[in-house]
Enquirer: 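First, the structure itself, so that you have it in front of you.
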Amino acid sequence: MKKQLKIRDLTLRDGQQSQFATRMNQAQVDRVLKDYHKAKFYAMEVWGGAVPDSVMRYLNESPWERLESIKAGVGGVSKLTALSRGRNLFGYNPYPDSVIRGFCRNSVSSGVDIMRIFDALNDIDNMRSSIRFVKEAGGIADCAVCYTVDPKFTAGERAKAFLSGKLLPKNIFTIDYFVKKAKELEAAGADMISVKDMAGLIDPVTVAKLIKALKDAVSLPIDIHTHCTPGYGVASLLAGIVNGVDIVDTVILSFSGGPAGPAYEIIRIFTDKLGLDTGVDNAAVARIDATLREIRGELASYDQYKRMPPKLDLSKDSIAPELNALFDDALEYAVGGKLNKALERCRKIEAAFNYPDPDEIVQKAQIPGGMYTNMMTQMKESKLEHHFDEVLKAVPVVRLDAGVPPLVTPTSQIVGVQAVNYVVSKTKGEDPYANVSKNFAELVKGSYGKTPWAVDPEFRLKICGSREEIPYDTSNYKPQPNPPVAEAGGLPLAKDEKETLLLELFPSVAEKFLKGRRIAEWKRDHPDESSLPPVPEPPAPKAIDPAGIQYFTVPAFSSSVGELPEDYVVDEGRDDAYWIFAVENAE
């Protein structure tokens, strides 16, 4: 019996989010479900991330119906996967356990089999409640360790800091750091561990070391997730495969590459050469790819690269001899531990499949591509593009001051925004922290959890008015109002538990979406009504039942490729902010 390698397909969530701003509508998704049922991937990531916000905001569709429709179309053939930011879910501020329980229960009942849980700070305490409630609901807890790299300081900067008495961190995010996190997650009840590299920064040499160490340290299945932006994607998955990883995340060819993940078809060629069984039907994948090519044309206005890979039907096509030789060489080098040579061959393979060139700025600056895009947008709006090199130099300084958070959604955006503010203030002759974003202050204060590096108490005092860390207090949680809709006969805005959750998670977006639904339903059910009945007084707020549904407080963080900052709403009396950033690989 062949050794197995499981494949998690990301096309309908991470793939379309990274490439096309999460703009696939329900009708487009429905066109591929029949063939996904036949393809038999181990798992399919279809929900979470920017999907719930985007399908309401841009497509006027229900996130819950999206999930339930995919579940009906795929059945139990593939496990459906969603993404959740632990205690923060889709926002910034932590929610009470009662809220998290309601979200997890509804997600599993609507079709989620595997919930990939992560925390932007790799603070395991922020993940514990989600792990518990996903498992209680009958789901699988896939616990992710977010991959990141240490801030880069020059020798001169380190010497200057030393002379001033300031300690600069070195070697925080080591193999031991990630292994320790994985062991903590195993002890917390994780069913599997994912190495989650949303920025594509993990290189094949590091992958080989990390996968070996994880396989030795924990007894759970290990998954690796990465992107292709800086050019490591294919080589890093190959390094994981030859070093014993259990599951890899891929995207179907026509949606792969660039800000998205590596193609299933490329990885399948390697697995066939290694004699590994993926259990995936290549003919069904080819049919999915053919349909996705049509859909990519329909999404052309959101396609930032417009570089379509050549067609490849692995059920009947052979690759050219010269390309096959590249695969053989890459595999030989990877198996032999010559991973830099394997990387060279894999980049030639990516070029043969028409992938965008590796992003050198992301490689050198070692920041996520979306973070770079957003910072550049800010600088252009301030007409300070010529100071951009200063911003890149400010990133490690700002990140250090904030406790060296991993550069993943949303902390990468928080640090990026503050780095721009830092330089803008300096150009005005002001203190670099004269203009502090609300989210940066909350990060420094401790509202989002424990940072990997201790924040200087004097800096916290300067930014937040307190030397002591102040964790977020979930006892201050207040539900969003659910007012009657006058144009719909006074029906409440949210009519059931799932809609209440949407309203709590994404207030500004869900309010508009749900109001439109209520009005449309009223008109459908009352076609002859010339006037509407009087609107009843809203009922008094009900006490929260700790075992039942709950409400969500919410800063909603959504992101999509090519979107400029669209709105920034602060709900008076709350600590909630809503942002849309230009982010290639938002999770």
Side-chain angles (χ1 to χ4, degrees), residues 92-93 119-123 126 146 148-173 177 199 201 365-368 371-372 374-375 378-379 382 384 387-472 575 577 579 581:
Y92 285 81
N93 294 336
D119 177 69
L121 299 179
N122 281 330
D123 184 343
N126 282 343
C146 294
T148 190
V149 296
D150 291 322
K152 305 301 177 186
F153 296 102
T154 65
E157 288 169 334
R158 289 188 176 278
K160 184 178 178 181
F162 177 78
L163 292 173
S164 66
K166 186 175 184 179
L167 180 63
L168 296 184
K170 190 175 182 181
N171 299 330
I172 297 175
F173 300 110
Y177 167 89
L201 296 178
Q366 292 189 296
I367 59 175
M371 178 179 173
Y372 168 82
N374 187 57
M375 291 190 300
Q378 280 186 278
M379 296 301 287
S382 302
L384 292 170
H387 287 285
F388 193 69
D389 284 346
E390 295 173 50
V391 173
L392 289 179
K393 291 179 181 177
V395 167
V397 176
V398 171
R399 189 182 176 203
L400 172 61
D401 288 339
V404 196
L407 295 179
V408 299
T409 304
T411 49
S412 57
Q413 282 71 37
I414 295 173
V415 170
V417 167
Q418 194 57 49
V420 174
N421 290 346
Y422 186 99
V423 172
V424 171
S425 294
K426 286 186 70 175
T427 62
K428 294 178 180 178
E430 301 173 343
D431 182 273
Y433 287 104
N435 180 16
V436 174
S437 78
K438 175 182 177 302
N439 298 116
F440 183 78
E442 292 294 329
L443 176 61
V444 170
K445 185 165 71 173
S447 295
Y448 305 147
K450 292 282 187 183
T451 53
W453 182 260
V455 173
D456 182 343
E458 296 305 314
F459 181 75
R460 185 181 285 119
L461 177 65
K462 174 181 177 178
I463 301 299
C464 309
S466 170
R467 288 187 176 85
E468 300 300 319
E469 185 178 288
I470 305 175
Y472 184 79
D575 290 334
W579 298 69
F581 281 107

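Atom set for the values below is all heavy atoms of this structure, side chains included, hydrogens, waters and symmetry mates excluded.
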Enquirer: Keeping to residues at least two apart or across chains, list the salt bridge (Lys or Arg N to Asp or Glu O under 4.0 Å) pairs with something in residues 397-410.
Expert: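 Every pair satisfying salt bridge (Lys or Arg N to Asp or Glu O under 4.0 Å) with a residue in residues 397-410: K166-D401.
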Enquirer: A441 and C464: which non-hydrogen atoms are nearest, and at how many Å?
Expert: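 Smallest heavy-atom distance, with atoms named: O-SG, 3.3 Å.
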Enquirer: Which pairs with one or both residues in residues 395-434 pass ring-ring contact (aromatic ring centres under 6.0 Å, His included), sequence neighbours excluded?
Expert: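 Residue pairs with at least one partner in residues 395-434: Y422-Y433, Y433-F440, Y433-F459.
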Enquirer: Under the rule for salt bridge (charged side-chain N to carboxylate O under 4.0 Å, His left out), what residues qualify as partners of D456, not counting sequence neighbours?
Expert: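 Expected list: none.
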Enquirer: Let me see the working for Y472 and K445 under side chain to side chain contact (heavy atoms under 4.5 Å, CB included), right down to the final yes or no.
Expert: CA-CA 9 Å; Y472 184 79; K445 185 165 71 173; over 6 Å; no
Enquirer: With D431, which residues qualify under side-chain hydrogen bond (donor to acceptor under 3.5 Å, both in side chains), at least two apart?
Expert: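 Per chain and number, D431 pairs via side-chain hydrogen bond (donor to acceptor under 3.5 Å, both in side chains) with K462.
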Enquirer: Atom CD1 of I470 and atom CD of E442: how far apart are they, to the nearest 0.5 Å?
Expert: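 Here the interatomic distance stands at 9.5 Å.
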Enquirer: Can you give me the closest heavy-atom contact between V444 and A402, atom names plus distance?
Expert: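 Reported closest heavy-atom pair: CG2-CA, 4.2 Å.
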Enquirer: With sequence neighbours excluded, tell me which residues meet side chain to side chain contact (heavy atoms under 4.5 Å, CB included) with D150.
Expert: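 Applying side chain to side chain contact (heavy atoms under 4.5 Å, CB included) to D150 gives N171, I172, F173.
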Enquirer: Any chance you could measure I414, atom CD1, to L407, atom CG, to the nearest 0.5 Å?
Expert: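 It is 11.0 Å, given to the nearest 0.5 Å.
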Enquirer: Taking it one step at a time, do M379 and V420 satisfy side chain to side chain contact (heavy atoms under 4.5 Å, CB included)?
Expert: CA-CA 7 Å; M379 296 301 287; V420 174; 3.5 Å; yes
Enquirer: Among residues at least two apart in sequence or on other chains, which ones pass side-chain hydrogen bond (donor to acceptor under 3.5 Å, both in side chains) with K426?
Expert: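 Result, side-chain hydrogen bond (donor to acceptor under 3.5 Å, both in side chains) vs K426: none returned.
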Enquirer: Would you please name every residue forming a side-chain hydrogen bond (donor to acceptor under 3.5 Å, both in side chains) with N126, sequence neighbours left out?
Expert: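 D119.
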Enquirer: Working to the nearest 0.5 Å, report the span between OG of S425 and CD of Q418.
Expert: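 The distance works out to 7.5 Å.
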Enquirer: Test T427 against L384 for side chain to side chain contact (heavy atoms under 4.5 Å, CB included), laying out the working first.
Expert: CA-CA 9 Å; T427 62; L384 292 170; 4.3 Å; yes
Enquirer: As an exercise, state the distance from CG of D123 to SG of C146, rounded to the nearest 0.5 Å.
Expert: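 Going from the CG atom of D123 to the SG atom of C146 covers 11.5 Å.
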Enquirer: With K170, which residues qualify under side chain to side chain contact (heavy atoms under 4.5 Å, CB included), at least two apart?
Expert: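 Side chain to side chain contact (heavy atoms under 4.5 Å, CB included) check on K170 returns R158.
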Enquirer: Using the rule given for side chain to side chain contact (heavy atoms under 4.5 Å, CB included), can you reason through N421 versus V398, listing the C-alpha separation, both sets of side-chain angles and the distance that settles it, and then say yes or no?
Expert: CA-CA 10 Å; N421 290 346; V398 171; over 6 Å; no
Enquirer: Can you name the side-chain hydrogen bond (donor to acceptor under 3.5 Å, both in side chains) partners of E458, sequence neighbours left out?
Expert: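 Listed in chain order: R467.
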Enquirer: Give me the atom names and distance for the closest heavy-atom approach of V455 to R460.
Expert: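 For V455 and R460, the tightest heavy-atom pair comes out as CB-NH2, 3.4 Å.
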Enquirer: Show me the pairs that pass salt bridge (Lys or Arg N to Asp or Glu O under 4.0 Å) and involve residues 409-422, at least two apart or across chains.
Expert: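 Checked against salt bridge (Lys or Arg N to Asp or Glu O under 4.0 Å) - neighbours excluded - no pair reaches residues 409-422.
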Enquirer: What I'd like to find out is whether the side chain of L443 reaches to under 4.5 Å of the side chain of L121, using heavy atoms alone.
Expert: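 Answer yes - side chains close enough.
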Enquirer: Looking only at heavy atoms, what is the nearest atom pair of G403 and T451, with distance?
Expert: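 For G403 and T451, the tightest heavy-atom pair comes out as O-CB, 3.4 Å.
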Enquirer: To the nearest 0.5 Å, how far apart are OG in S447 and NZ in K438?
Expert: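 These two atoms lie 8.0 Å from each other.
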Enquirer: For P452 and P405, which heavy atoms make the closest approach, and how far apart are they?
Expert: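 Closest heavy-atom pair between P452 and P405: CD-CA, 4.1 Å.
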Enquirer: Do any side-chain atoms of residues 390-397 form donor-acceptor pairs under 3.5 angstrom with protein atoms, and if so which ones, sequence neighbours left out?
Expert:
from: E390; atom 1: OE2; to: H387; atom 2: ND1; distance (Å): 2.5

Enquirer: Is it true that N439 and Y448 share a donor-acceptor pair across their side chains at a distance under 3.5 Å?
Expert: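 Present: a donor and an acceptor within the cut-off.
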